[in-house]
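Predicted model, so just to flag it, every value in this text is computed and none were measured. These numbers come from the heavy atoms of this one structure, side chains and all, not from hydrogens, waters or symmetry mates.
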Amino acid sequence: MQNKEKSLKDQYIESQQRAFIREVNEDVRTEKAILFWNKYKYYIIGIIVLILAITISKNVYESNKKETSLKQAVAFERIMSNKTSSADKIKELEEFVKSAKYGYRDIAYFNIYSMQLESGDIASAIDTLKTIIKKATDSSFKDLAILKLATLNFAQNDITDSQKTEIIKLLSKISASKPFYFSAQFVLGVIYISQNNPNLAKTTFDRIVENEKTPIGLKSQSLNMLNFLKSQTAK
């Protein structure tokens with residue numbers, strides 16, 4: 001309505017004014033961009049180069065990791081498929097772990113442990129688990145080794161009090177966010193029973209039962225342990 005009331009001359013002048021303002025704004029933005037570039041161009045170039053370097057390095061790393069993993073998979077499978085004695089396989093795996101990476105070292109160590117256990121070499125099996133705990137490339141492998149060490153050690157009659165204390169400390173460090181947390185708590189409860197500490201055992205099994213994230217199997221076993229403790233107390 002307002003445009004219709006204005007003369008063509010006025011409308012033309014207004015449109016030219018708007019066009020001029022747009023041109024000025026664009027010139028200002030361009031000038032600011034040029035000034036900004038001149039002032040910070042070396043920083044900008046440096047950041048771009050850094051981003052490119054990181055991207056290239058990451059791609060090279062991932063490529064090398066994939067290639068290394070494939071080579072290790074072939075080497076590991078060759079050792080495990082060889083029709084040789086367990087003793088010979090252990091020797092080959094012990095050589096393999098010296099340069100193994102990306103989880104294959106942990107898996108190789110667990111296979112060494114299993115073969116040592118099968119052959120009855122308990123002392124060596126325990127030493128291998130301790131090596132995994134010390135050198136594991138992933139916390140889940142470390143936690144699994146701690147669980148195996150705890151069950152294996154407590155199966156021995158000559159375990160010392162200091163060893164028990166160390167195992168309890170290791171199990172207690174497995175956090176609630178980790179996959180083997182509930183298993184670690186269950187083993188702790190069993191250890192407390194073996195130490196004639198029913199109150200601490202009950203607290204531990206109660207913690208397992210009351211947690212909604214506890215796997216059904218462990219919750220059921222923990223309830224059985226609580227019933228056992230209750231029956232012992234009744235006596």
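Put simply, CD on Gln185 and OG1 on Thr203 are 11.0 Å apart, with the number rounded to the nearest 0.5 Å. Distance CE/Met225 to CG/Asp206: 12.5 Å, rounded to 0.5 Å. The distance from atom OG of Ser86 to atom CD1 of Ile112, rounded to the nearest 0.5 Å, is 11.5 Å. Taking CD1 of Ile133 as the reference point, atom CG of Leu149 lies at 4.5 Å (rounded to 0.5 Å). The distance from atom CG of Leu188 to atom CG of Asn197, rounded to the nearest 0.5 Å, is 11.5 Å.
With hydrogens and angles left out, the side-chain atoms of Ser85 and Asp88 include a donor and acceptor closer than 3.5 Å. Judged purely by distance below 3.5 Å, without hydrogens or angles, the side chains of Lys178 and Ser139 pair a donor atom with an acceptor atom.
In this structure, Arg105 contributes its side chain and Ile132 its backbone to no donor-acceptor pair below 3.5 Å. Counting only distance, with no hydrogens or angles, the side chain of Ser124 and the backbone of Asp121 share no donor-acceptor pair below 3.5 Å. The main-chain N or O of Arg78 is found under 3.5 Å from a side-chain atom of Ser81 such that the two form a donor-acceptor pair. Panel note: side chain Asn227, backbone Leu223; a donor-acceptor pair is recorded below 3.5 Å.
Contact of the Leu147 side chain with the Leu171 side chain is registered, since non-hydrogen atoms from C-beta on lie closer than 4.5 Å. Looking at Tyr192 and Lys202, their side chains never come closer than 4.5 Å, going by heavy atoms from C-beta outward. Using a 4.5 Å cut-off on side-chain heavy atoms (C-beta onward), Lys142 and Asp106 make no contact. You'll find the side chain of Asp127 stays beyond 4.5 Å of the side chain of Tyr113, heavy atoms only. Between Tyr181 and Ser175, every side-chain heavy-atom pair lies at or beyond the 4.5 Å cut-off. For the pair Ser222/Thr214, no side-chain contact is recorded, criterion being any heavy-atom separation below 4.5 Å from C-beta on. In this structure, the side chains of Ile90 and Glu94 come closer than 4.5 Å at one or more pairs of heavy atoms.
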**Asked** Please walk me through it: do Thr128 and Gln116 pass side-chain hydrogen bond (donor to acceptor under 3.5 Å, both in side chains)?
**Response** CA-CA 9 Å; Thr128 299; Gln116 289 169 336; 2.7 Å; yes
**Item:** Verdict with supporting geometry, Phe96 and Gln72, side chain to side chain contact (heavy atoms under 4.5 Å, CB included)
**Value:** CA-CA 9 Å; Phe96 172 78; Gln72 290 181 352; 4.2 Å; yes
**Request:** Mind running side chain to side chain contact (heavy atoms under 4.5 Å, CB included) on Lys164 and Asn153 for me, showing each step along the way?
**Result:** CA-CA 8 Å; Lys164 289 180 182 180; Asn153 258 323; over 6 Å; no
**Request:** Mind running side chain to side chain contact (heavy atoms under 4.5 Å, CB included) on Leu152 and Leu117 for me, showing each step along the way?
**Result:** CA-CA 10 Å; Leu152 184 58; Leu117 199 61; 3.7 Å; yes
**Message:** One pair to check against side chain to side chain contact (heavy atoms under 4.5 Å, CB included): Gln195 and Ile168. What are the steps and the verdict?
**Reply:** CA-CA 11 Å; Gln195 292 181 320; Ile168 290 172; 3.6 Å; yes
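Scanning all heavy atoms of the two residues, the minimum distance from Ile208 to Leu218 falls at CG2-O, 4.2 Å. The two residues Ser194 and Ile191 make their nearest non-hydrogen contact at OG-O, 2.6 Å. Closest approach of Asn82 to Lys89, counting heavy atoms only: O-CE, 2.9 Å. Taking each heavy atom of Ile167 and Ala150 in turn, the nearest pair found is CG2-CB, 3.4 Å. Contact between Leu93 and Met80 at its shortest, heavy atoms only, is CD1-SD, 4.0 Å. Annotation for Ser140 and Pro179: closest pair OG-CG, 3.8 Å, computed over non-hydrogen atoms.
Salt bridge status for Lys98 with Glu95: present, with a side-chain N to carboxylate O gap under 4.0 Å.
Checked against the 6.0 Å centroid criterion, the rings of Phe186 and Phe205 qualify as a close aromatic pair.
Under the 30°/60° scheme for interplanar angles, the aromatic rings of Phe110 and Phe141 are found to be tilted.
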